[in-house]
Amino acid sequence: MKHFAFAAATMLLGSVLFGAAAAKDIPDNIKAGIDNPQRKEENRARDDDRKPGKVLAFYGVKQGMTVADLAAGSGYFTEILSGAVGPDGKVIAHYPTNPRFEENRAAFEAQFTPFGNIEITTAATGEPFPIEDDSVDIVLLSLIAHHLHYAEDSGEEIPPNSTRAYNEIKRILKPGGVFAIIEHTAAPGSTRAESAAWHRAPEDTIKADVTSVGFEFAGAADDIHMNPEDNLKNNFFESGLRGKTTRMVHKYISPE
């Protein structure tokens, strides 16, 4: 019994020390963004699954940056980024122009206004972003790329509209800026049609699509969202893995 108690205590101590070491790896500005009391509680409740500290540290978010959160959704990352870039930085929360957004525009404005450095911008699908050339340090595309990698008419080729979208992202990024992609991972070798049906994308497909327009692949931190119980071949809405999927965390650099 004493041996068991000692082993358990050792494991607990190791866990505490590991957690402390991991926390030290997260810069203070990103911690400030995560701890911001203005964040919605519904968003804060997702932190354990989304691990925003590790993700944003990997992407190198710093104070004073301009970051565009494309298809910002609930504003999960938008809120955190606001505190991470600080009062001298800016976050652009992008939403597609459609009736659903217009119905919720006032709610988003009320949500983001207290942060002081979040700007809402909209653009119709396929239209240019109302953002100046070479003006953004980081573009974040979180859980959206699986909508871009497949179109029935394009088969196993990148859809033309997606090529235009990635070129538009390259246009607004500063030379050397970061294109940050988080996406539900599909099994290697999956076709575009298969993975799209699962609301996922294969890593090699995303890498090929993004680099085809001139971005340079600069690394991955896929261990952040690794779930050994995810076989990468399921629709997470049906499998019960929503919020628990294995996800790629890719970094691409805009050409100088």
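Remember, it's a predicted structure, so these values are computed and weren't measured experimentally.
Taken together through direct or relayed side-chain contacts under 4.5 Å among Ile, Leu, Val, Met, Phe, Trp and Tyr, F129 and F112 form parts of separate hydrophobic clusters. In the hydrophobic clustering of ILVMFWY residues, with side-chain heavy atoms under 4.5 Å counting as a link, I172 and I120 come out apart. Linking ILVMFWY side-chain heavy atoms closer than 4.5 Å, directly or via other members, places F77 and I138 in a single hydrophobic cluster.
If you check the side chains of R200 and N234, you find a donor sitting under 3.5 Å from an acceptor. With 3.5 Å as the limit, one finds a donor-acceptor pair spanning the side chains of D47 and Y76. Neither side chain, T122 nor H94, offers a donor N or O lying under 3.5 Å from an acceptor on the other. Between S82 and N117, the side chains place a donor N or O and an acceptor N or O closer than 3.5 Å (distance only, hydrogens not considered).
D230 and K244 are not joined by a salt bridge, as no carboxylate oxygen comes within less than 4.0 angstrom of a charged side-chain nitrogen. A salt bridge is defined here as a Lys NZ or Arg NE, NH1 or NH2 lying under 4.0 Å from an Asp or Glu carboxylate O, and K174 with D134 fails to meet this definition. Salt-bridge check for R100 with E103: failed, with every basic side-chain N at 4.0 Å or more from each acidic carboxylate O.
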Task: Stepwise side chain to side chain contact (heavy atoms under 4.5 Å, CB included) check, V67 with K90 - done: CA-CA 6 Å; V67 181; K90 181 171 74 171; over 6 Å; no

Open item on the list: Quick one, T246 with N227, criterion side-chain hydrogen bond (donor to acceptor under 3.5 Å, both in side chains). Give me CA distance, side-chain angles, the key distance, then yes/no.
Closed with: CA-CA 5 Å; T246 291; N227 182 356; 5.7 Å; no

Open item on the list: Could you go through I34 and L56, starting from their C-alpha distance and side-chain angles, then the distance that decides it, and tell me whether this counts as side chain to side chain contact (heavy atoms under 4.5 Å, CB included)?
Closed with: CA-CA 10 Å; I34 295 170; L56 298 183; over 6 Å; no

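Using cut-offs of 30° and 60° on the angle between ring planes, the pair H146 and H199 is perpendicular.
Atoms CG and CG, on N98 and N104 in that order, are 9.5 Å from each other to the nearest 0.5 Å. Rounding to the nearest 0.5 Å gives a distance of 3.5 Å between CD1 of I158 and CG of D209. Atom OH in Y150 sits 12.5 Å away from atom OG in S162 (nearest 0.5 Å).
At distances below 3.5 Å, at least one donor-acceptor pair connects side-chain atoms of R192 with backbone N or O atoms of H149. E183 places a side-chain N or O within 3.5 Å of a backbone atom of I144 that can act as its donor or acceptor partner.
Of the candidates R46, E79, Q111, R46 is the only one forming a side chain to side chain donor-acceptor pair (under 3.5 Å) with S74. Results of the side-chain contact (heavy atoms from CB on, under 4.5 Å) test with V85 over I30, V61, N29 single out V61 as the only residue that passes.
Taking the centre and axis of the six-membered ring of F179, the NZ or CZ atom of K170 falls outside the cone set by 45° and 6.0 Å.
Closest of all the heavy-atom pairs between P96 and T125 is CB-OG1, 4.5 Å. Minimum interatomic distance between S190 and P202 (heavy atoms only, all atoms of both residues): O-CG, 3.6 Å.
Aromatic ring centroids of Y95 and F108 lie under 6.0 Å apart.
Open room surrounds CD on E157; 12 or fewer heavy atoms of other groups in view lie less than 6.0 Å from it.
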